[in-house]
Protein chains: 2
Amino acid sequence: MSTRDQIVEAADGLFYEQGFAHTSFADVAGAVGISRGNFYYHFRTKDEILDAVIARRVEATRAMLARWEEESGDPAGRIRCFIRILVANGGKIAAFGCPVGSLTAELAKLGHAAQAEAGQIFTLFRDWLRAQFEALGFAAEADGLAMYLLSRSQGAAVLGSAFRDEAYLRREADDLCAWLDAKLSPTRKD
Amino acid sequence: MSTRDQIVEAADGLFYEQGFAHTSFADVAGAVGISRGNFYYHFRTKDEILDAVIARRVEATRAMLARWEEESGDPAGRIRCFIRILVANGGKIAAFGCPVGSLTAELAKLGHAAQAEAGQIFTLFRDWLRAQFEALGFAAEADGLAMYLLSRSQGAAVLGSAFRDEAYLRREADDLCAWLDAKLSPTRKD
DNA sequence: GCTGCTTTAGGACAATCGTCCTAGGGCCGT
DNA sequence: ACGGCCCTAGGACGATTGTCCTAAAGCAGC
């Protein structure tokens with residue numbers, strides 16, 4: 001792996017675990033094991049690293065959504081893949097929150113120009129979820145349902161990390177799956 | 001108002017609008033219009049200011065809950081007071097997110113000792129909401145409903161600020177009110 | 001074996017960080 | 001009028017910040 005990729009990967013993790021403002025050049029350089037001079041050769045400013053980290057996350061999100069598209073045949077199964085992030089990444093979410101939500105929140109406070117780019121990852125999820133709901137027959141409702149799922153997930157991530165409660169994240173994921181099942185079987189509502 | 005109170009008030013606002021890590025002594029001193037030397041007389045460390053800000057927020061939250069207790073006679077109306085924060089503070093939430101959620105999230109990333117104290121504000125809301133639901137007859141369900149409302153509010157705040165969409169916050173508040181009404185009238189579920 | 005480009009290391013730079021000290025106003029009781 | 005205490009101003013401190021420069025190592029093609 002190239003030095004540049006190592007830097008972006010280390011910065012990605014550090015931005016997630018300790019925030020963008022609280023992560024310094026020295027932190028990233030130390031994590032990679034290179035000198036600050038070498039660092040400056042690849043990224044001249046902190047904002048450049050942030051842009052690269054966001055681009056990396058966007059690409060990783062795209063790849064993940066595409067993988068779900070392959071692995072799961074039906075749209076409902078794909079939506080369950082999304083819900084399961086809360087469980088699969090439960091440990092990190094309980095400790096550091098949602099990577100997307102916490103970064104956009106921090107950039108919004110900093111008034112940073114890259115906030116719009118970071119928020120684009122939300123749009124990625126939103127559009128993908130809406131497409132799944134549309135495939136399930138929820139034409140006009142689809143975007144609202146996508147936003148509902150996004151919102152519930154973000155709320156769960158915030159409270160899960162505030163209370164440092166991984167079990168709560170599992171319960172929320174189960175509850176969301178139950179909500180999805182109820183939406184799919186219009187015979188009876190709980 | 002005493003200088004100390006002015007400092008805490010200014011720090012409260014700055015921590016909310018630009019984050020704890022990104023707010024310096026100079027920022028707060030500048031906002032109040034005093035010298036850093038004077039500042040140091042009232043607070044010796046940054047953590048002391050943070051503790052004072054959290055204590056102020058806890059107190060303000062307690063007072064707000066008590067006010068709702070007086071103003072609204074029935075528990076359902078009190079819960080609607082909670083939901084209405086999303087609308088009343090919509091402008092600031094769309095810009096900076098939820099003060100409670102964003103602070104606890106930041107302190108969790110920083111591994112700061114005060115994170116538990118900041119999260120206590122969530123507990124304040126949680127217990128108060130649970131009491132309202134218990135008064136409405138939801139005995140065993142009450143805590144789950146309280147967490148549901150908290151989670152939905154936090155999710156709305158995160159997405160509202162990510163998309164900078166104040167109208168979305170209003171729609172979410174309306175949706176939560178409708179959810180509450182449906183919960184209260186067991187005759188029919190939407 | 002020399003040349004030239006990419007990559008690296010290590011330090012210098014001004015600015016700012018949190019923290020701390022000291023000198024001196026302002027106001028008190030006497 | 002005066003000694004004593006609360007409050008304030010202003011600057012100093014070492015460390016760290018983001019940024020930048022320079023010298024040299026590694027490696028390509030000729």
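Every chain is numbered from 1 and lettered A, B, ... according to where its sequence line falls, protein lines coming before strand lines. All heavy atoms count here, side chains included; hydrogens, waters and symmetry mates do not.
- Taking every side-chain heavy atom of Lys46(B) into account, dG18(C) is the closest of dG18(C), dC21(C), dA9(D).
- A cation-pi contact, defined as under 6.0 Å to the ring centre and within 45° of the axis, is absent between Lys109(A) and Phe20(B).
- Spacing between atom CD1 of Ile49(A) and atom P of dT17(D) amounts to 13 Å, rounded to whole angstrom units.
- The side chain of Ser24(A) has dT17(D) as its nearest neighbour among dT19(C), dT17(D), dC17(C).
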(message) Once pairs are restricted to Watson-Crick or G-U wobble with both distances under 3.5 Å, how does DNA chain C read as a dot-bracket string, [ ] for crossings and | for other-strand pairs?
(response) ||.||||||||||||||||||||||||.||
(request) Begin with the C-alpha distance, continue with both residues' side-chain angles, and end with the deciding distance and a verdict on ring-ring contact (aromatic ring centres under 6.0 Å, His included) for Phe82(B) and Trp128(B). (result) CA-CA 10 Å; Phe82(B) 171 80; Trp128(B) 185 86; 7.4 Å; no
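- Of the candidates dA12(D), dG18(D), dA9(D), dA9(D) carries the atom nearest the Ile34(B) side chain, counting heavy atoms from C-beta on.
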Distances under 3.5 Å only, N/O to N/O: pair up the protein atoms with those of nucleotides 5-7 of chain D.
| residue | atom | partner | partner atom | Å |
| --- | --- | --- | --- | --- |
| dC7(D) | OP2 | Tyr41(B) | OH | 3.0 |

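- In this structure, Trp68(A) and Phe125(A) have tilted ring planes: the angle between them lies in the 30° to 60° band.
- To the nearest angstrom, C1' of dT8(C) lies 17 Å from CZ of Arg4(A).
- Judged by a 6.0 Å distance limit and a 45° cone about the ring axis, Lys183(B) is not positioned over the six-membered ring of Phe133(B).
- Ring geometry, Tyr16(B) versus Phe96(B): the interplanar angle exceeds 60°, so the pair is classed perpendicular (tilted spans 30 to 60°).
- Remark on DNA chain D: of its neighbouring residues Arg36(A) and Gly33(B), the 5'-side contact belongs to Gly33(B), judged by nearest-heavy-atom nucleotide.
- Within 4.0 Å of Thr23(A), counting heavy atoms only, lie sugar-phosphate atoms of the nucleic acid but no base atom.
- Between Tyr168(B) and Phe163(B), the ring centre distance reaches or exceeds 6.0 Å.
- The backbone N or O of Asp181(B) sits less than 3.5 Å from a side-chain atom of Ser185(B), completing a donor-acceptor pair.
- Phosphate contact (OP1/OP2 of dT8(D), side-chain N/O of Ser35(B), threshold under 4.0 Å): absent.
- Remark: C1' of dT8(D) and CD of Gln6(B) are 13 Å apart, rounded to the nearest angstrom.
- Here dT8(D) presents its C1' atom at 15 Å from CZ of Arg44(B), a figure rounded to the nearest Å.
- Across Leu50(A) and Leu107(A), no two heavy atoms sit closer than the pair CD2-CD2, 3.8 Å.
- A cation-pi arrangement is absent between Arg36(B) and Tyr41(B) under the rule of less than 6.0 angstrom and at most 45 degrees off the ring axis.
- Here the C1' atom of nucleotide dT17(D) and the CZ atom of Phe39(A) are 13 Å apart, to the nearest Å.
- Remark: Tyr40(B) is not in phosphate contact with dT19(C), judged by side-chain N or O atoms under 4.0 Å from OP1 or OP2.
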